[in-house]
2 protein chains.
Amino acid sequence: MSLATDSADKPTLYKRIRADIEKRILTGEWPPGHRIPFEHELVARYGCSRMTVNKALSELAQADLIERRRRAGSFVRRPQHQSAVLKIADIRAEITALGRSYGYELIGRKLRAATTADRARLGIKKAGKVIAIACRHSADNVPFAVEDRLIDLSSVPSAATADFSREPPGSWLLHHVPWTEAEHTISAIVADDRTAEALDIAVGAPCLVIDRYTWRSARTITAVRLLYPGDSHRLVARFKGG
Amino acid sequence: MSLATDSADKPTLYKRIRADIEKRILTGEWPPGHRIPFEHELVARYGCSRMTVNKALSELAQADLIERRRRAGSFVRRPQHQSAVLKIADIRAEITALGRSYGYELIGRKLRAATTADRARLGIKKAGKVIAIACRHSADNVPFAVEDRLIDLSSVPSAATADFSREPPGSWLLHHVPWTEAEHTISAIVADDRTAEALDIAVGAPCLVIDRYTWRSARTITAVRLLYPGDSHRLVARFKGG
DNA sequence: TTGACTTATATGTCTAGACATATAATCGTA
DNA sequence: TACGATTATATGTCTAGACATATAAGTCAA
């Protein structure tokens with residue numbers, strides 16, 4: 001019967017098995033906790049070898065759609081409902097993607113031995129040098145975001161000689177520091193005098209704040225705080241599956 | 001030589017192959033664009049069958065760490081650098097996870113025929129009924145967030161008779177509407193009179209706003225706006241891989 | 001009833017093959 | 001030189017087995 005899902009095209013068998021099961025889960029026909037057929041039952045139903053259904057089920061398990069338990073069987077997982085994929089693009093890319101002209105302005109750049117505050121912010125223990133950068137991004141000549149960044153020079157020595165007056169440090173790092181891990185913290189503040197002036201908004205206007213810590217195999221690279229006018233900027237996150 | 005990574009424990013072979021390759025990519029030894037060894041080379045190196053290395057490589061491909069091209073080989077992918085996984089937990093779960101006591105209060109509940117504004121907000125075309133809910137969540141008796149929600153009753157008929165005076169609509173939906181897709185928009189506003197009173201903060205204080213639209217196979221289920229005191233609430237997103 | 005032991009079983013991993021298929025590379029031709 | 005046909009090859013999928021392993025369920029004794 002399941003074989004009768006015939007049509008002219010043919011996705012591979014294991015993909016069809018996976019899609020069949022996924023569909024039943026997504027439509028609610030097999031609710032969370034439901035035991036899906038054993039591998040040997042699916043083998044019989046689809047008339048294929050066990051490795052084929054195993055591949056389908058393994059992928060579903062990897063996608064957290066089902067949970068597999070030895071001796072017990074495979075079960076539809078309860079939806080997680082808590083993770084969304086948030087795209088935090090490079091600001092320049094984000095602005096040009098909107099079809100607006102990107103502007104960048106370096107406000108300040110200071111190379112110094114890491115202060116206690118710097119070390120706390122970067123989460124490093126040893127002494128060393130850092131670069132502190134302040135800059136502003138604009139879209140169509142309207143302030144878009146102000147950036148306050150710290151780079152650990154012991155992790156990224158070449159940043160000491162990089163020319164941040166032309167290239168935003170975010171873009172520069174993106175091209176010079178290959179693999180990273182990061183943590184973003186999003187919050188809201190009201191603009192103080194300095195922020196209001198930099199963003200050309202009223203004092204007391206809402207701002208969206210993104211604090212980002214980037215590291216590479218347990219080594220902190222950079223800490224950055226981005227301030228956006230809260231009423232004009234929006235972060236969009238999408239998620240799928242529960 | 002790769003076999004010489006011996007230790008007492010033994011993760012399965014394909015996992016070790018996967019980990020070996022992943023490590024070389026993450027340390028930058030194999031930079032983006034680098035061609036990783038052919039399957040038959042890995043077969044020779046690890047002394048196993050092709051299916052075993054294939055499984056390792058397939059999982060790496062599924063995780064977007066490598067790209068596989070027929071006839072050409074497998075290549076390290078360029079880091080994406082733009083998506084972070086943002087955990088947006090059920091508020092009750094979030095608060096209890098912090099070890100604080102959760103409080104819930106229904107402010108208003110209205111069942112009505114969908115107005116034009118309702119339909120616009122839910123993105124539905126046909127006439128139908130909706131429920132509008134206003135409620136407040138608190139942690140240790142301090143206001144934590146206020147919620148303003150709309151549920152499409154044609155998608156979730158049973159919501160009409162649900163008792164939202166005890167259970168938050170978010171939790172209720174979580175348990176009654178299995179699989180969904182959602183979009184979150186995050187922004188910042190300053191508290192107006194009504195919000196300030198509901199959150200027990202000053203008028204003009206910053207608030208983090210999450211607008212969430214949830215649907216299930218192209219069918220809108222609910223639209224919700226959550227307002228958090230911006231200085232006390234933070235959203236954390238983590239990402240890995242560039 | 002409870003705890004310890006045994007057994008049955010579903011999944012986890014792996015093999016040594018096979019044929020299919022997309023495509024980079026080569027070769028031949030206009 | 002440029003383009004079209006051919007070939008070689010790496011991946012994609014699949015099989016029909018195998019043994020390993022965790023564990024639910026049953027068994028038996030204290």
Side-chain angles (χ1 to χ4, degrees), chain A residues 2-3 5-22 24-25 30 32-78, chain B residues 2-3 5-22 24-25 30 32-78:
Chain A
S2 300
L3 280 170
T5 320
D6 58 1
S7 37
D9 61 339
K10 34 186 103 65
T12 59
L13 180 51
Y14 93 87
K15 279 185 182 160
R16 230 190 62 217
I17 298 174
R18 175 159 65 76
D20 283 357
I21 295 169
E22 198 169 324
R24 295 200 203 221
I25 294 174
W30 288 348
H34 177 91
R35 209 210 76 224
I36 73 175
F38 294 131
E39 292 190 353
H40 66 82
E41 294 175 300
L42 292 168
V43 162
R45 184 200 300 281
Y46 288 95
C48 62
S49 83
R50 211 190 117 215
M51 276 300 284
T52 301
V53 311
N54 183 281
K55 179 160 188 174
L57 295 183
S58 294
E59 289 196 4
L60 289 169
Q62 223 186 316
D64 275 337
L65 261 163
I66 66 171
E67 186 189 344
R68 314 200 72 196
R69 289 206 300 271
R70 275 180 147 121
R71 166 71 207 243
S74 302
F75 301 82
V76 177
R77 275 183 65 108
R78 190 158 303 288
Chain B
S2 300
L3 280 169
T5 321
D6 58 2
S7 38
D9 60 341
K10 35 186 103 66
T12 58
L13 181 52
Y14 93 87
K15 280 183 181 161
R16 231 191 60 217
I17 299 173
R18 176 158 64 77
D20 283 357
I21 295 169
E22 196 168 325
R24 295 200 203 221
I25 294 174
W30 288 348
H34 177 90
R35 208 210 77 223
I36 73 174
F38 294 130
E39 292 190 354
H40 66 82
E41 293 175 300
L42 293 168
V43 162
R45 184 200 300 280
Y46 288 94
C48 63
S49 82
R50 211 189 116 214
M51 276 300 285
T52 301
V53 310
N54 183 281
K55 180 161 187 174
L57 296 184
S58 294
E59 288 196 5
L60 289 169
Q62 222 186 317
D64 274 336
L65 261 162
I66 66 171
E67 186 189 345
R68 314 200 72 198
R69 290 207 300 271
R70 275 180 146 121
R71 166 71 208 246
S74 301
F75 301 83
V76 178
R77 275 182 65 109
R78 192 157 304 286

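Below, read A as the first sequence line, B as the second, and so on, with proteins coming before strands; counting in each chain starts at 1.
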What N/O pairs connect the protein and nucleotides 6-9 of chain C at under 3.5 Å? Give each pair on its own line.
residue	atom	partner	partner atom	Å
C:dA8	N3	A:Arg71	NH1	2.7

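For A:Glu41, the side chain to side chain donor-acceptor pair (under 3.5 Å) partners at least two apart in sequence or on another chain are A:Arg35. Here B:Arg69 pairs with B:Glu67, B:Ala72, B:Phe75 under the side chain to side chain contact (heavy atoms under 4.5 Å, CB included) rule; sequence neighbours left out. Evaluation of the side chain to side chain contact (heavy atoms under 4.5 Å, CB included) rule for A:Ala19 yields no partner, not counting sequence neighbours. Scanning for side chain to side chain contact (heavy atoms under 4.5 Å, CB included) contacts around B:Ala44 gives an empty result, with sequence neighbours left out. For A:Arg70, there are no side chain to side chain contact (heavy atoms under 4.5 Å, CB included) partners two or more places apart in sequence or in a different chain. Residues forming a ring-ring contact (aromatic ring centres under 6.0 Å, His included) with A:Phe38 (at least two apart in sequence, or on another chain): A:His40. Among residues two or more places apart in sequence or in another chain, the side chain to side chain donor-acceptor pair (under 3.5 Å) test is passed with A:Arg18 by A:Glu59.
Against DNA chain D, the stretch residues 51-59 of chain A makes heavy-atom approaches under 4.0 Å through A:Met51, A:Thr52, A:Lys55.
Of the listed nucleotides (C:dA18, C:dA16, D:dT15), C:dA18 has the atom at the smallest distance from the side chain of B:Arg50.
Between C:dG12 and A:Arg68, a contact under 4.0 Å exists linking OP1 or OP2 to a side-chain N or O. Contact between the side-chain N/O atoms of B:Ser74 and the OP1/OP2 oxygens of D:dA10 is not found at any separation under 4.0 Å.
Atom-to-atom, CD1 of B:Ile36 to P of D:dT11 comes out at 8 Å; the value is rounded to the nearest Å.
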